[in-house]
Protein chains: 2
Amino acid sequence: MSLTYIQSFVAVAEEGHVGRAARKLHLTQPPLSRHILALEDELGTRLFERTPRGMRLLPAGEVFLSHARRILAEVDVAIERTKGAGGSDD
Amino acid sequence: MSLTYIQSFVAVAEEGHVGRAARKLHLTQPPLSRHILALEDELGTRLFERTPRGMRLLPAGEVFLSHARRILAEVDVAIERTKGAGGSDD
DNA sequence: ATGCATTACGCTTATCGTAAAGATG
DNA sequence: CATCTTTACGATAAGCGTAATGCAT
């Protein structure tokens, strides 16, 4: 599991489209598509349904999405608060 | 930021010793030491005090530790629940 | 000298981007 | 055939381990 892949997943979930999510992440489609596939492989389940219009969340994907957002938010908080705690030591 | 580095940090914090933490993680000292240095660099603050006996948490390190544990626990929950949600689809 | 952490350095593995290929309306 | 995602493949970058170095008792 990797935070990069989690960020990729959230972007694709929000855009519903690998191409648009890739631009948002300053990345090209292939690596982003691989992130999703790797995540699905690691979790042992499909997260998106592939449609001609793009990517649509499956139930397992929605479950993962809520956790993914929480994880990323928690990481942001961890960074911010740790920087705050150490700022006076430098 | 990387989940691997966060796991490394928690191991070193718990062992107070890079060598022991490395064995616990099935790794050697140098990469583990680099994980900690990279984390400190990214956070812009020292997380450990280096003593002749090993590594001792600084205040900023203790702040980061509590968040780190929460992040790793949340990741575990995310995996478990997503697998559970998708298990019937396969 | 001992017991730590860190730095140097060569190698392996992971990840990227361009280009080509599948798949579906 | 148009619009997506995915696979191939060559190149770059990240990460590991052994060995050497630094630092403090």
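Order of the sequence lines fixes the chain letters, A, B, ..., with proteins taken first and strands second; residue numbering starts at 1 for each chain.
- What separates CZ of R56(A) from P of dT5(D) is a distance of 15 Å, to the nearest Å.
- For H67(A) against A78(B), the heavy-atom pair with the smallest separation is CB-CB, 3.4 Å.
- Placement of M1(A) and V12(A) within a single hydrophobic cluster is found when ILVMFWY residues are connected by side-chain heavy-atom separations under 4.5 Å, directly or transitively.
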Problem - Under 4.0 Å protein heavy-atom contacts per nucleotide of nucleotides 5-18 of chain C, with B for base, S for backbone only and - for none - result: SBBBB-----SBBB
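- As a whole-Å value, the separation of E49(A) CD from dT5(D) P is 13 Å.
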Practice task
Start with the C-alpha gap between R69(A) and L72(A), add the side-chain angles, then the distance that decides, and say whether side-chain contact (heavy atoms from CB on, under 4.5 Å) holds.
Solution key: CA-CA 5 Å; R69(A) 287 186 166 129; L72(A) 296 179; 6.0 Å; no
Practice task
Could you please spell out the steps behind the side-chain contact (heavy atoms from CB on, under 4.5 Å) verdict for R46(A) and L37(A)?
Solution key: CA-CA 8 Å; R46(A) 277 279 192 253; L37(A) 292 169; 4.3 Å; yes
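- Following rounding to the nearest Å, L25(B) (CG) and dG17(D) (P) show an atom-to-atom distance of 11 Å.
- The side-chain heavy atoms of F48(A) and L58(A), taken from C-beta on, include no pair separated by under 4.5 Å.
- Residue F48(A) contributes atom CZ, which lies 19 Å from atom C1' of dT24(C) at whole-angstrom precision.
- One hydrophobic cluster holds both L3(B) and F9(B) under the rule that ILVMFWY side chains link at heavy-atom gaps under 4.5 Å.
- With a 3.5 Å limit on both pairing distances and Watson-Crick or G-U wobble geometry required, the stems of 3 or more pairs in DNA chain C span C:1-25 with D:1-25.
- A salt bridge links E14(A) with K24(A): the distance from a Lys NZ or Arg NE/NH1/NH2 to an Asp or Glu carboxylate oxygen falls below 4.0 Å.
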Problem - Criterion side-chain contact (heavy atoms from CB on, under 4.5 Å) on F64(B) and I6(B), from CA distance to verdict - result: CA-CA 9 Å; F64(B) 190 66; I6(B) 294 176; 4.3 Å; yes
